[in-house]
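These numbers come from the heavy atoms of this one structure, side chains and all, not from hydrogens, waters or symmetry mates. In what follows, chains carry the letters A, B, and so on, assigned in the order in which the sequence lines appear, proteins first and then strands, with residues in each chain numbered from 1.
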2 protein chains.
Amino acid sequence: MTDRRLSDACSRTVLSAATPVTEGWAPHEREVDLLAESGEHFSCLSFVDIFSDLTEQDIAAIDRTSPPRLFSSGELVFSQSEPVTALFILKGGRIRIFRVAEDGKTLTIAILEPGAVFGEMLLIGQQMYDNYAEAIETSVVCQLSAADVEEHFLSNPRIAVKISRLLGEQVARLEERLTDMALRPLTARTAATLLTLEKAAPRTRFTQARVVKLTHEQLAGLLGATREATSKTMADFAARGLIRQGRGRITIDDVDGLRRISRSTF
Amino acid sequence: MTDRRLSDACSRTVLSAATPVTEGWAPHEREVDLLAESGEHFSCLSFVDIFSDLTEQDIAAIDRTSPPRLFSSGELVFSQSEPVTALFILKGGRIRIFRVAEDGKTLTIAILEPGAVFGEMLLIGQQMYDNYAEAIETSVVCQLSAADVEEHFLSNPRIAVKISRLLGEQVARLEERLTDMALRPLTARTAATLLTLEKAAPRTRFTQARVVKLTHEQLAGLLGATREATSKTMADFAARGLIRQGRGRITIDDVDGLRRISRSTF
DNA sequence: TGCGTTCTGCGATCAGGGACACAGTGCATC
DNA sequence: GATGCACTGTGTCCCTGATCGCAGAACGCA
């Protein structure tokens, strides 16, 4: 499992300007701020790689018709009942893409960071794409309508090429993850997943360590394991000095150690 | 798991003319025949969906520079040591795409039927794509060189769109398979996989049943399980009258029954 | 500050499958 | 035909991870 495999369902260019989520605000205050910034000062499309071939006029036109929407933590961005009819761009917050089995158990396909594009199956005329998307923090999402997509994208060959590339990367990541799931024990999978996440994670202020912002439960969803088993593994890693833990945050201390474990069979 | 998920790593348009593999010939006799037919009477590219936008000149040009190659059962078409530098088209026989873990265990990503295109990651500039491809029957494969690909494909926008679509389907299949792997017990996964394979399988002459040509071991590779566990499951299915077994061939009798099992949790 | 909700940490029990070890049995080649 | 090999059926042991049940701790909110 690699960084990218998990972090984007499609493009994910980091937008430093898009995540000014300082902590500790009152909720409605924060919401207002997020929306204001996204609506006024910031185009949804600029800086996202996949759109870099659009003309400025196109971008302006699309921005005009695609108001940002706010989702609070736990809210569904799309689901079976409201199928994907738009292309989404995550401006701020975090979104979890997941699938649900008959018995209600879920597997997390990806956890998206700001700058990610999702619902991209629309682009290639995919139907019946039964993923769910849920905000795991207060999130701001821009929606491009199917009409926008049709008008601006399908006509543009360079964009098709970019989409191919992104999908190709996704295929590679999924195949890797599939073999991990099939052939590796939980411990190795956990280490591998942490390494993946680590690559995308922001660094701590003074040390070189990185912090992954996930609860054990969220990590378990990614691993296809139970929360308990994941907790146990994490406690083990912590005891070995590979990581440090804090409610909802995992500090990666020993990348090499994790790498060794991720490669071992047991 | 669906038919398509397993049967193509890329395009797979059935070529009725491409698999005249009558059984019971002496090996070298068969080889000669396969090669002769592929080299002379039959273009590698025609009928394969992804190429349908090429001009006849293009097709002719490519055919001239891409002689069909023969692989006997067990031979590797590509691997880590000889990385993918070409695009392959399977004309006859069957190819298994798989990955290998550190401990030597393998997971089968796909089993390709004639008409499939593989090594397609080359198209999108993918490096380090560590899949292996192995013939599981005597197979005939055409290779397009990287140069051919560059010249004829990357310039053609309609082809990029088709590639996007194919990759998108692959992503959907892989995500489905990943959740199956994570959330479903072997029994359900086996049933689902059989159904998938069933859709692609040829029908028996008189009944409506279809026959899947796989050994338990090959099926196990697809399931990410051991041969023994797979055998046990299959024996169970057979006892319930859902399937009938014969060395290397599985006859699907009760599609609905399998479907029921594939949806249940236990 | 106080309270409730989330997160995390165990522990006990249980079951699905993995690892091995063989024993039959078609099929294919000679 | 005869011989071998590749497939398949089982059986036993064992171990990972799922399940269930709580308990303590940190944090968010009122």
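- Side-chain contact between A:Ile261 and A:Leu242 is present, with at least one heavy-atom pair separated by less than 4.5 Å.
- In this structure, B:Phe237 places its CZ atom 15 Å from P of D:dT8, rounding to the nearest Å.
- The CZ atom of B:Arg247 sits 16 Å away from the P atom of C:dG24 (whole-angstrom rounding).
- We find that B:Arg259 and B:Asp256 are joined by a salt bridge, their nearest charged nitrogen and carboxylate oxygen being less than 4.0 Å apart.
- Electrostatic pairing of B:Arg240 and B:Asp236 counts as a salt bridge here, judged by a charged N lying under 4.0 Å from a carboxylate O.
- The phosphate of C:dT6 (OP1 or OP2) has no side-chain N or O of A:His216 nearer than 4.0 angstrom.
- Applying the ring pair (Phe, Tyr, Trp, His ring centres under 6.0 Å) rule to B:Phe237 yields no partners; only residues at least two apart in sequence or on another chain are considered.
- When rounded to the nearest whole Å, the span between CD of B:Glu217 and P of D:dA6 equals 11 Å.
- In this structure, B:Arg249 atom CZ and C:dA28 atom C1' are separated by 15 Å, rounded to whole Å.
- Using a 4.5 Å cut-off on side-chain heavy atoms (C-beta onward), A:Arg96 and A:Thr106 make contact.
- With hydrogens and angles ignored, a donor-acceptor pair closer than 3.5 Å exists between the side chain of B:Arg227 and the base of D:dG9.
- Rounded to an integer number of Å, the gap from A:Asp236 CG to C:dG9 P is 12 Å.
- As a whole-Å value, the separation of B:Met181 CE from C:dG18 P is 10 Å.
- Note: CG (A:Leu214) to P (C:dT6) measures 18 Å, nearest angstrom.
- One finds no salt bridge joining B:Arg227 and B:Glu217 here, because no Lys/Arg side-chain nitrogen approaches an Asp/Glu carboxylate oxygen to under 4.0 Å.
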(message) Each nucleotide in nucleotides 14-20 of chain D should get exactly one letter: B, S or -. Can you fill that in based on protein heavy atoms under 4.0 Å?
(response) ---SSBB
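- The main-chain N or O of A:Ile136 is never found under 3.5 Å from a side-chain atom of A:Arg94 such that the two would form a donor-acceptor pair.
- Between C:dG9 and A:Gln245, a contact under 4.0 Å exists linking OP1 or OP2 to a side-chain N or O.
- Remark: C1' of D:dC7 and NZ of B:Lys213 are 16 Å apart, rounded to the nearest angstrom.
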